[in-house]
Number of protein chains: 2
Amino acid sequence: MTIDPHADRAMYRQLSDLLGAGIRSGKYQPGMPIPSEAMLMERHGVARNTVRLAMEVLRDQGLVVTRHGRGTFVRTDEDESAQNIA
Amino acid sequence: MTIDPHADRAMYRQLSDLLGAGIRSGKYQPGMPIPSEAMLMERHGVARNTVRLAMEVLRDQGLVVTRHGRGTFVRTDEDESAQNIA
DNA sequence: CATCATTTGTCCGTATGTATC
DNA sequence: TGATACATACGGACAAATGAT
């Protein structure tokens with residue numbers, strides 16, 4: 001689906017809905033990266049801020065974990081127990 | 001010339017203007033490398049992102065070609081014909 | 001062969017300014 | 001006024017390619 005700039009729902013929420021559905025459906029598997037910010041910007045025609053807001057929602061929902069310089073990954077059981085001190 | 005952070009024109013565009021002029025004037029000859037990202041960052045006091053945005057403009061203008069691990073070079077006639085499969 | 005420095009590639013983290021609704 | 005969205009810019013982390021040693 002595409003994002004509608006004129007919809008009632010904010011674009012970043014439309015995007016987090018979209019990605020969240022992809023995770024729950026298994027399209028994005030645990031431990032695997034979801035598309036990068038740059039990819040999502042291009043695919044959906046939105047600004048980086050908007051993508052990042054969507055990511056923040058997904059993090060708050062516990063669906064993904066983000067690693068600086070690496071990417072954002074679908075959360076696994078390993079991720080939830082602790083901050084993986086190692 | 002130097003880059004003015006307060007100018008109307010974005011810094012990355014000022015930089016691409018500068019380098020583009022250098023190429024067209026012959027200061028940078030075809031096939032020769034233009035300064036590395038690190039050099040341009042230091043010389044002009046800008047961030048790497050800004051340098052890279054300027055490079056992207058020059059590539060879009062067909063003025064340069066960039067090679068991973070090598071550098072960015074002023075485009076030659078050889079460059080334009082194909083992707084140099086070799 | 002391994003190692004290292006250099007350089008570009010790909011990522012996210014953060015901040016500011018502007019504009020719109 | 002506040003939420004949303006875009007553009008710009010600086011930082012920082014990590015990866016990959018290259019060339020020299």
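Below, chain A is the first sequence line, B the second, and so on; all start at residue 1. Worth saying up front: this structure is predicted, and the values here are computed from it rather than measured.
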Look for any protein N or O under 3.5 Å of an N or O in nucleotides 18-20 of chain C and output each such pair with its distance, or none.
none

Between the protein and nucleotides 14-16 of chain D, list the N/O to N/O atom pairs that are separated by less than 3.5 angstrom.
{"residue": "D:dA16", "atom": "N3", "partner": "B:H68", "partner atom": "NE2", "Å": "2.9"}

Item to check | side chain to side chain contact (heavy atoms under 4.5 Å, CB included) between B:L19 and B:Y28, worked out | outcome: CA-CA 9 Å; B:L19 293 170; B:Y28 300 117; 4.2 Å; yes
Checklist entry - After noting the C-alpha distance and the side-chain angles of B:L63 and B:R24, does the key distance pass the side chain to side chain contact (heavy atoms under 4.5 Å, CB included) rule? => result CA-CA 9 Å; B:L63 290 177; B:R24 274 183 269 259; 3.8 Å; yes
Next on the checklist: Before you tell me yes or no, could you show the steps for B:L18 and B:H44 under side chain to side chain contact (heavy atoms under 4.5 Å, CB included), namely the whole-Å CA-CA distance, both residues' side-chain angles and the distance that decides it to 0.1 Å?
Outcome noted: CA-CA 11 Å; B:L18 206 58; B:H44 300 284; 3.5 Å; yes
Checklist entry - Checking side chain to side chain contact (heavy atoms under 4.5 Å, CB included) for the pair B:M55/B:V64: CA distance, chi angles, key distance, verdict? => result CA-CA 8 Å; B:M55 296 303 192; B:V64 301; 5.5 Å; no
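Separation of atoms CD1 (B:I34) and NZ (B:K27) is listed at 11.0 Å; rounding is to 0.5 Å.
For A:M39 and C:dG9, the CE to P distance is 17 Å, given to the nearest whole Å. Atom CD of B:E37 is separated from atom P of D:dG12 by 16 Å (rounded to the nearest Å). The CG-C1' distance, from B:L40 to D:dA9, rounds to 16 Å in whole Å. When the C1' atom of D:dA7 is taken as reference, atom CG of B:D8 falls 14 Å away, rounded to whole Å. D:dC10 atom P lies 9 Å from atom CD1 of B:I3, rounded to whole Å. With rounding to whole Å, A:M41 atom CE is found 9 Å from D:dC6 atom P. We find that CG of A:L53 is positioned 14 Å from P of C:dC12, with the value rounded to whole Å. As a whole-Å value, the separation of A:E56 CD from D:dA3 P is 13 Å.
Enclosure of atom CG in B:D8 is not indicated, since only 12 or fewer non-hydrogen atoms of other residues, nucleotides or ligands lie within 6.0 angstrom. In B:E42, the CD atom is not crowded: 12 or fewer heavy atoms of neighbouring residues, nucleotides or ligands sit closer than 6.0 Å.
Here B:M11 lies in heavy-atom contact (under 4.0 Å) with sugar-phosphate atoms only.
Taking for each of B:Y12 and A:A10 the nucleotide of DNA chain D with the nearest heavy atom, the 5'-most of the two is the partner of A:A10.
Not a single salt bridge (Lys or Arg N to Asp or Glu O under 4.0 Å) links A:R13 to another residue, sequence neighbours left out.
In this model, the phosphate group of D:dC6 is approached by a side-chain N or O of A:T50 to a distance below 4.0 Å at OP1 or OP2. For the OP1/OP2 pair of C:dG9 and a distance below 4.0 Å, the side-chain nitrogens and oxygens of B:R52 include at least one atom meeting the criterion. Using a 4.0 Å cut-off, some side-chain N or O of A:S36 falls inside it from OP1 or OP2 of C:dC11.
Listed for the A:Q14 side chain is a donor-acceptor partner under 3.5 Å among the backbone atoms of A:D4.
Across all strands shown, C:dC21 is found opposite D:dG2 as a Watson-Crick or G-U wobble partner, with both distances under 3.5 Å.
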